[in-house]
Amino acid sequence: MSLAPPPDRIRRLNELAYDLSWAWNAKAREVFRHLDYPLWRSTAHNPVRMLRLISRERVEEAAKDTSFLTLYDTAIQNLDRARMAVSTWWSQQVPDLSNCSIAYFSAEFALHQSLPIYAGGLGVLAGDHCKEASDVGLPLIGVGFMYPQGYFHQSVSSEGWQVELYERLNWEDAPVEHALKPDGRPCIVEVPLGDKTVRVSVWLVRLGRVKLYLLDTGLQENAPWDRELSARLYGGDSETRLRQEVVLGVGGVRALRMLGHDPTVWHMNEGHTAFLVIERMRESLERGESFESALEQVRRTTVFTTHTPVAAGHDAFAFHLVENYLAGLWRSIRGHRNAFLNLGHYDSGGGPLFNMTALALRTSGGVNTVSRLHRQVTSKMWAPIWPGKADPDRPVRAVTNGIHISTWIAPAMSNLFERYLGREWEERHEEPGFWDAILSIPDEELWAVRQSLRSFLFAFMRERVRQRWMEERLGPARVVAGGTLLDPASLTVGFARRFTAYKRAELIFRDPARLARILTAPRRPVQIVFAGKAHPADDQGKHLLQRVYRNAVDHAFGGRIAFVDDYDLHVAHFLVQGCDVWLNNPRKPLEACGTSGIKASVNGVINLSVGDGWWAEGYTGSNGWLIDGGVTSNDAAVDAADAESLYRLLEEQIVPAFYDRDEHGVPKRWLRIVKEAIRTVAPQFSARRMVKEYAEGMYIPMARRHLQDKRAQPAI
Ligand SMILES: *Cc1c(COP(=O)(O)O)cnc(C)c1O
């Protein structure tokens with residue numbers, strides 16, 4: 001922390017800025033909004049940066065401003081209450097496990113746009129998991145990477161080609177501090193990488209009750225190529241990736257040990273993190289245990305979540321590379337090298353490789369997928385891991401993803417819930433019956449909120465284009481593509497996700513003439529807002545994006561299509577709150593879960609989706625629309641049938657429901673669906689339901705058994 005100390009009366013202001021729980025705590029955010037609103041906006045809501053830039057006079061003025069002090073005192077009280085964990089769901093549920101902790105490893109965490117260490121859905125899930133853990137008192141410790149160049153910023157050229165910009169993080173602006181060992185000194189661990197050693201420093205991010213540790217190889221004493229190891233997320237080739245994964249898995253375990261933590265349960269979020277089991281087994285072997293016993297102990301305390309039904313999404317490396325980079329570990333556990341390599345041995349068609357998912361599946365006692373449909377696909381896809389076991393007996397369970405409601409809900413919507421459901425709505429949001437009261441919200445009020453959220457989105461898009469127009473001297477076509485011709489009162493469809501083939505961003509353009517008729521209908525127009533990045537190495541995805549972009553500037557669509565660049569958490573908030581319809585049309589069953597449609601639904605943005613991922617469980621017949629072409633033969637036939645289904649839904653149901661108004665201009669039928677979406681989705685697809693399912697299904701039973709095992713062991 002390098003910020004100047006604030007005046008005495010608001011002495012803990014810096015502490016408030018350095019606890020990211022402000023990201024989901026409206027009261028804490030109000031402190032910073034009130035402190036200096038223009039600065040709050042120009043820093044894209046980054047309190048640390050704000051406090052670095054703010055004038056001393058303003059801070060001193062605030063220290064005497066009673067309305068500011070009321071906000072400040074409330075926020076500090078909330079922070080203390082949140083951290084003390086006097087009485088939480090966890091402490092009440094499992095008082096016997098009060099000394100346990102759960103390590104949660106992930107290659108990315110999406111917590112707030114000011115900490116750019118995420119790419120997409122996987123990171124959002126990890127971030128929401130941590131936030132919810134803090135809320136319910138689950139003793140989680142996160143472990144990930146501090147990428148000083150993060151994931152790239154996206155800009156789109158006038159030809160529609162994605163340009164990637166890597167920005168160096170200004171450390172002074174990030175809500176991170178050095179993690180300290182129990183003796184108060186900085187934590188630096190050593191990770192053997194081949195015959196060399198990489199030194200890794202550790203940063204701490206405070207998230208209410210939860211701590212997140214981020215590894216960083218950017219130390220002067222490392223070789224230049226090792227320094228860059230943690231520079232970027234998913235930036236390098238396969239070998240770089242392997243080296244990163246060794247640092248994350250092995251370095252993460254060592255960092256926790258050095259910081260004085262002894263987690264009871266270890267959760268691996270996706271296969272990138274799976275080398276942590278190798279390090280934990282090495283620890284047991286060095287204590288003199290047998291390979292089998294070391295493996296068994298690890299299995300009994302490890303949870304693994306797999307995230308993708310796409311084969312290429314699972315990391316696999318040539319054996320000689322793994323052998324080389326783990327050489328420093330083999331040395332101390334001579335004799336077990338082949339047994340270790342066998343744990344990752346898997347042939348998914350192109351010859352055997354060391355497969356990180358196979359390693360994780362073989363070493364985890366609790367394995368889960370992120371939706372029920374994804375469980376079926378995963379069980380089939382990895383069947384050789386469980387020889388002789390039929391599908392129902394394969395040890396894979398489904399824990400469908402959920403979103404952290406306080407993070408994703410629009411403030412205007414939250415106020416409405418507070419008024420009609422009660423102030424305790426955030427506390428009770430996972431009780432299904434609780435949401436029935438949503439029906440008591442007057443349609444006029446709900447509609448007014450929906451309209452205002454749409455107008456926030458448009459103001460945001462316009463402001464972005466205005467900035468770019470001035471700073472980058474954009475041409476007129478790019479100004480149109482940025483959404484300046486969109487109409488704030490018209491039906492708005494949102495489509496925002498990574499550009500990759502299976503998500504079929506182009507599906508809606510299959511019949512351009514028909515789409516043009518829908519979009520440019522004189523009395524009942526429709527408009528579409530696209531956003532999303534293509535992976536830097538995915539040229540096919542970039543071509544897709546380019547074709548979508550060209551449609552946005554095609555005169556035939558009347559300027560009713562926009563492309564918002566640089567999709568991130570900030571953009572996502574405006575989109576999932578401000579559109580009317582959220583479109584999702586992947587090729588089934590390749591979307592493991594998807595969460596943006598959940599964020600949209602809880603804000604009253606109606607989901608229009610293929611029955612894949614969460615929507616296969618969430619769609620009730622009255623809370624949104626199901627795209628279903630009814631065809632499963634070849635890809636071309638599926639696309640044609642799904643496009644037909646999509647057009648018909650738009651023409652026959654969605655457009656009429658949106659534009660049929662009562663005498664006050666309120667779309668009654670539309671709002672019935674809006675209410676039904678909120679009522680059914682918010683409790684069932686919340687991170688609270690999800691985190692409790694992880695706890696009750698895996699963390700708690702594992703922790704209890706572990707304690708029993710320990711008690712049963714004779715004291716040495
Ligand atoms: C929620 C979110 C995602 C994941 O949503 P999907 O529905 O899985 O595409 C990706 N990126 C950002 C920025 C998000 O906020």
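In this text, all values refer to a predicted model and were calculated from it rather than measured experimentally. Note that ligands are numbered from 1 as they come in the structure, with each ligand's atoms numbered from 1 the same way.
Nearest to atom 7 (O) of ligand 1 among the protein's heavy atoms is Ser596 OG, 2.6 Å. Nearest protein heavy-atom neighbour of atom 11 (N) of ligand 1: Tyr567 CE2, 3.5 Å. Looking at atom 4 (C) of ligand 1, its nearest protein heavy atom turns out to be Gly121 CA, 3.4 Å.
Under the side-chain hydrogen bond (donor to acceptor under 3.5 Å, both in side chains) criterion, Thr305 pairs with His267, Asn368, Tyr694, sequence neighbours left out. Every residue was checked against the side-chain hydrogen bond (donor to acceptor under 3.5 Å, both in side chains) condition with Gln376, not counting sequence neighbours, and none meets it.
When non-hydrogen atoms are compared, ligand 1 lies under 4.0 Å from the side chain of Lys599 (C-beta onward) but not from its backbone. The backbone and the side chain of Thr595 each have at least one atom closer than 4.0 Å to an atom of ligand 1 (non-hydrogen atoms only).
Heavy-atom distances between Trp408 and ligand 1 reach below 4.0 Å in at least one pair.
In the vicinity of Gly120, heavy-atom distances shorter than 4.0 Å reach the ligand 1 atoms 10 (C), 11 (N). Short contacts between ligand 1 and Asp568, defined as distances under 4.0 Å to a heavy atom of the residue, involve ligand atoms 13 (C). The Ala572 neighbourhood of ligand 1 comprises atoms 15 (O), with distances under 4.0 Å to a heavy atom of that residue.
For Tyr118 and His112, the distance between ring centers is not under 6.0 angstrom. With ring centers used as reference points, Tyr213 lies 6.0 Å or more from Trp203. The aromatic ring centres of Phe530 and Phe563 sit 6.0 Å or more apart.
Between Arg497 and ligand 1, no N or O atom pair is found at a separation short of 3.5 Å.
Remark: the backbone N or O of Leu207 is paired with a side-chain donor or acceptor of Ser134 at under 3.5 angstrom.
Comment: Lys692 does not engage Glu132 in a salt bridge, judged by the lack of any side-chain N to carboxylate O separation of less than 4.0 angstrom.
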